[in-house]
Structure formats: structure tokens, C-alpha cells
Amino acid sequence: MSNSSGGIRSWLASPTTGLEEDPAHGEHLRPATRVACAFDMQGPVDNLKAALRDAVEAAGASTDAFDKVSLEPPKEASFGDFATNAALIVAKSAGSNPREFAERLGAQLEQSLGAQLTSWEVAGPGFLNLTLGDAWYSSSLEEIRAAGESFGSADQQGEGEKVIVEFVSANPTGPLTAAGGRHAAYGDSLARILEFSGNRVEREYYVNDAGAQVNRLGQSIIARANGEEVPEDGYSGDYVIELANEIPDSASGDPDAVARVGVEILVGRIKATLERYGVQFDKWFSEATLHDDADSRVTKACDALQRGGHVFTEDGALWLRSTDFGDDKDRVLVRSGGQPTYFAADIAYHADKLARADQLIDVWGADHHGYMARMHAAVEALGDEPERLELVIMQFVNLVEGGDRAQMSKRRGDFVTLDDLLDEIGVDAARWFMLQRSHDTMVDLDLDLARERSAENPVYYVQYAHARAASVIDKAGVGVPAIPSELAELHDSEKTLIRRLASWPEELAEAAERRAPHRICAFALVLAQEFTAFYRDCRIVGAPDNERDFRIALADAAKTQIATALTLLGVSAPNEL
RNA sequence: GCGCCCGUAGCUCAGUGGAUAGAGCGCUUGCCUCCGGAGCAAGAGGUCGCAGGUUCGAAUCCUGCCGGGCGCGCCA
């Protein structure tokens, strides 16, 4: 960004480094339409909810507003295992008041759930608190274990919508920055979550290998090859000197040709960095290919807009009347000199993507939010529904060291690359720390904490719980037995853990719908904590056989779910640390 | 000036209509004959930026302010 200010993030993506965020990538807005989740309701909690729904009907109320009904473990343990606000929502439709209706609901559930329900009570304005029996816990664990690794995932993989997630797309004029690591972690994790939810997902990187910045790269390389300073607006990083040395005849070469080779090399490095980071793109889309031929896709896109009557000529330039679609200004498509703008190419690119998918998700940097309105306007002008393009805006990331927004950079003009960061804290910590906060919050990444290989570091804490589960199962030495039919009374820690496991499908759906991988981090952390509490309270090795076997099954289910969660984050789940 | 995001514990942040607002870090105090102490437990710490409004119920929704970040090119 040629015009961004200096300051805190300047060493991440600073004008003086010449590192540019991907162009054109703006801000955020949340279309009402979301990618549908392909999976059907399933799992123990859904069974309960189905029973609740039946009870609502049996008690004479409408289920029209049932999607507003919650059924979840209350914060306060004395309120039972699950609490529902159903009566508060539907009582009116039965001509009843909430407390009275909750009584009816309780009685109905008592009948339908039998031994699974130990007791119930009506509380407050009309909450119904349920206390479940060990029978429910046992059968729930059974169900979770039967589903195995796919618990919470779509019944039919790939039956959902086809989604293209475009992310990173950083200009190939320099190495990937640490900030790019946030985009990469987010986009990839979101893609994994959507895949797990049954969608067909393609990860795509838009390579801005055309336009003025590529030319500037060529000029900069040539200048360096001749031992000169780079031109104003050039790229001054040391990597340009490396490129100058690497590219044969760069001192006397044609700027475009030199630039092309430079871009090729840099794209290769970006690819390698991302691969190291665990991110694989399905498609690297070259902007230059949009400009090929006289009859290019950019020209076609402009023609299409013209046919739609959405363009006009002024001052020798061709404009899109984007104000017709909510933008605050009209935008130039073709400059008076005849060259298409970046925007025009981006429209062609999005037209191409729209033809290839049901839903588009673009992940953009926060400094591009001003670009959102025109992009949506363009989609609409093309005759498409703007909701099909979803723009997710990533806020910035700062690296913090020693309690300060740190000078990790050695000197002015340097910046922290993603590779530098990975050298410092490793892939697992980097991905976790990049993901654990919501995309619309600016984050400070604490390098000291991220480096820590102890329980103070959440990512190691979660991995530790996983390794511990593996270890104790191994130590018991009887494999993973079936859940015994005769059970001793369950410990509160066992029940708490099973409730958590059972809540996974719902949590996952939430993360998918809200495009919120950070929820998976939060879930994994709580799950690890609750597993650890169970491990502390319920001895496995040396316990009576039926208790031991039940607990092994539970530990194994927890281990599986921790591993699944970490996989969705792109973090490893080793059996030993 | 206009637009987008953010404002919750000392710090970094979860929590997009439910009951006494949570986690991690930091701080205080305990716990190793005990399946991994790379651990566990307890505690202190908050006018959810401010003011109105909607609701049986608001950190959450609406309006207006204040503060911070970012953006408003025939750049990408």
C-alpha cells in the first residue's frame, strides 16, 4: 500500500519495504446468505432436541419458532445438565405462560425420555432445567464413538455447495510477511472447516503478476544489478539484491522480462513458504492471463458491463456506474490512456470465479475495506447476486516481544517474513496464535508466549492433553474396549467431558456459519481442560474393569476429538511431545 | 467530512437476547510415595467506553456521543 502510514505495523507491511498487500482487497460486510451446511442434525444433543421438539408439539404449542430455542449446558451447575428456554419461546403459541408451559414440557419429557432423564425443574421466568441420567451419558458416548473421526462432519461429503476461498493473494513482489501468515492460517482453516461440513472447497491464490508494481519490481532488480539504489516507489528489500544476482543478465535486461523472471522466483518462494506452513492452494490464478489477447477476459467483462448499460465515458476514460449499486463513487474501468484498471481485471477475475462456484469467499486485508462496495456493485452490475460474493476482512496482526510491540526487525526497511516467524515459533504455534482471535479483531501475537513449550502456551496445552490421552490408553494395555453395559456411577468430570464432546457438532456448525475458526481454538482449549480434569479425577489404570473400560472409551473419544479440532486448525496432534 | 472494524479483568482476548459475564497470560497461596509436574487446585482482580431506547430479560439489538485502528486514486 503505497499510502499506508508507518507506525506499528509498518515493519510488517511497510511502504518502505515495498511489500504490498494484495491489491484490491477490501472490507467486510456480511451478506445474509451463507453457505449452507450440508450435514443433517445429528448427535446426542440433536436427539435430545428432537425429543424436546416432540414434547413441545405434544404439549400443544407451535414449533414455528423452534429454531430460536436453545438447549445447552447452563453455566451454573446447579441448574442441571441441560437447560432450555423453549417454554419462553413457544408458550404464547399454546396460550400459556412460560412457567406453566415449562411444567407441561417437563412432564412430557419425563415420559418420552424415561431413564435418560433423572429430574427436571422449572426455574426463573420459565427455563426448564434437565438433569440427565447415566444412561443418557453412556449412550451418548457410544454414539460419539461410533461416529469416530467423522463425528460432527457432514453425512455426505461433498454434497454441499461449491465454494472458492480466495486468500493471501499477496503481490508476488516480495516474500510473504508474517501478516500474510494470518491470512493463510485463516483461509486454510476456514476451507478445512467448510470441507468438514460437506462443502466442496477450492483454495485459490490470485497472483497479481500484471500491472505497475511488477514493472517496479523489474526496475528495482535492474537497479540493484547495476549497484544502484532502487527508484522511488521501488522495492528496497535485500531480497531484490538476491534476485539481481540470481537472474542472469539482469543488469542489462528488459525490465518486463526481468520482472517476469523475478515474479516467477518469488511465487515459487511464496509457494514453498505456504507449503511449509501446511497450506496448499488448488489454483494459482494469474492476473496476466486475464489480459492476454485483444479479446481478453478483461475486455469481455467490460463489454458485458457495457451491454448491461452500466458504463459511461468521461474524460476519455470508461467508468462503471457503481453508484447505481450502492457504491459512493463511480469507478474507472479503462483509463484515458487505454489501459484497464486493477478493478477491471478484478471484475473479470470474479466473473470467472462466479462461473466456477456457488459461493465465493474472499479474504482481504483491513486496509482494503474501501474496495468492498465497488466489488459488490460490480457483481451486481454483472447481473449476479452480490450475496454470492462474501468478503471477509482480516484485521492486522502485530508481533509482540518482551511486552512491547517489538522491534523484531533489525533495521529500517526490514520486515518480518512468515519464514522468520516460523523459524522463531514453529508452524503449530504460528497457526494457533494467528487463528485464536476473531478475524475482525486486531491481534497482538506474543512471541515469548508462542515460543514457550509449556502449559502456559495454549497450543502446547492442547497438544499435551492429546499426548496424555494417548499415553494413558497405551499404559492401560487393553486397547480401546467396548463400552461396558454395567456401569458404576459416573463422576461429574466424566459427565462434563461427555457433554462437551456432545456439543461438538453444534460448535462446528457455528464456526462454519460464522466463518470463525477461532471458535475451534476456544473449543479445543476447553475440551483439553475438561479432559485434564477427568484425567485427574478418574483413574484409569488400576480401576475395576468396567470403570476402566468406560474411561478408556471416553479418553479415546476425547483424544479423537482434540485431534479433529487441531486438524481443522492445521495444527498437529502428536501422540508424544 | 464520509465509510468499515474495534472498545469486556493489570495485559491479550472469548462471549451476536437468557439466570451470579469467562479463558489465557501476569499476580497471591497451596499440591510431587499418585496413569506424563511439559501437571493440578484455590484466590484476588470487571461502572462489559458513555448516554438513551427496544425486551419478561441486553456485553449482545437500535439511536446518539467519546476513544482507537484502517480506508476514501484514471495505485495496486
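Note on naming: letters A, B, ... go to the chains in the order of the sequence lines (proteins, then strands), and numbering restarts at 1 for each one.
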Looking for any heavy atom pair under 4.0 Å, which part of the strands does [X] touch: base, sugar-phosphate only, or nothing?
X: A:Asn575; result: base
X: A:Val334; result: nothing
X: A:Ala373; result: nothing
X: A:Gln436; result: nothing

Practice item. Indicate whether any N or O donor in one side chain lies under 3.5 Å from an N or O acceptor in the other, for A:Glu204 and A:Tyr349. Key: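 Judged by distance alone, the side chains do pair up.
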
Check your understanding: Does any donor atom in the side chain of A:Ser493 or A:Thr496 lie under 3.5 Å from an acceptor atom in the other side chain?
Key ->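 Distance-only check fails for A:Ser493 and A:Thr496.
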
Review point. If you take atom types as modelled and just measure distance, does the side chain of A:Asn129 reach the base of B:A19 with a donor-acceptor pair under 3.5 Å?
Key: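 Such a pair exists between side chain and base.
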
Review point. Quick one: does A:Thr441 reach the base of B:C6 with a side-chain donor-acceptor pair under 3.5 Å?
Key: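 Not at all, since no donor on one side and acceptor on the other fall under 3.5 Å apart.
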
Exercise for review: Ignoring the backbone of A:Ser471, work out which of B:C40, B:G36, B:A14 is nearest its side chain.
Suggested key: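 Closest nucleotide among those given: B:G36.
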
Check your understanding: Taking the side chain of A:Tyr535 as its heavy atoms from C-beta onward, which of B:G36, B:A23, B:C74 lies nearest to it?
Key ->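 Minimum distance to the A:Tyr535 side chain belongs to B:G36.
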
Exercise for review: Determine, stepwise, if the pair A:Asn208 / A:Gln213 fulfils side chain to side chain donor-acceptor pair (under 3.5 Å).
Suggested key: CA-CA 9 Å; A:Asn208 300 124; A:Gln213 86 282 1; 5.3 Å; no

Review point. Does A:Tyr460 stack onto the base of B:A38, taking stacking as ring centres under 5.5 Å apart and planes under 30° apart?
Key: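 By the stated criterion, A:Tyr460 and B:A38 do not stack.
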
Review point. Is the aromatic ring centre of A:Phe79 closer than 5.5 Å to the centre of the six-membered base ring of B:A19, with the two planes inclined by less than 30°?
Key: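 The base of B:A19 is stacked with A:Phe79 (centres under 5.5 Å, planes under 30°).
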
Interatomic distance at [atom1], [N] relative to [M], whole Å:
N: B:G26; M: B:A9; atom1: C1'; answer: 11 Å
N: B:C27; M: B:U20; atom1: P; answer: 33 Å
N: B:G37; M: B:C32; atom1: C1'; answer: 7 Å
N: B:G10; M: B:C61; atom1: P; answer: 24 Å
N: B:C62; M: B:U55; atom1: C1'; answer: 12 Å
N: B:U60; M: B:C70; atom1: P; answer: 27 Å

Review point. Any salt bridge between A:Arg548 and A:Asp545, counting N to O under 4.0 Å?
Key: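 Yes.
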
Check your understanding: Under a 90° cut-off about 0 for the syn range, is B:C32 syn or anti?
Key ->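 Base orientation relative to the sugar is syn.
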
Exercise for review: Starting at atom CD1 of A:Ile89, determine the distance to atom C1' of B:G18, rounded to an integer number of angstrom.
Suggested key: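 Distance check: A:Ile89 CD1 to B:G18 C1' gives 9 Å.
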
Check your understanding: Is the distance from OP1 or OP2 of B:U16 to the nearest side-chain N or O of A:Arg514 less than 4.0 Å?
Key ->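 For A:Arg514, the contact criterion (side-chain N or O under 4.0 Å from OP1 or OP2 of B:U16) is met.
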
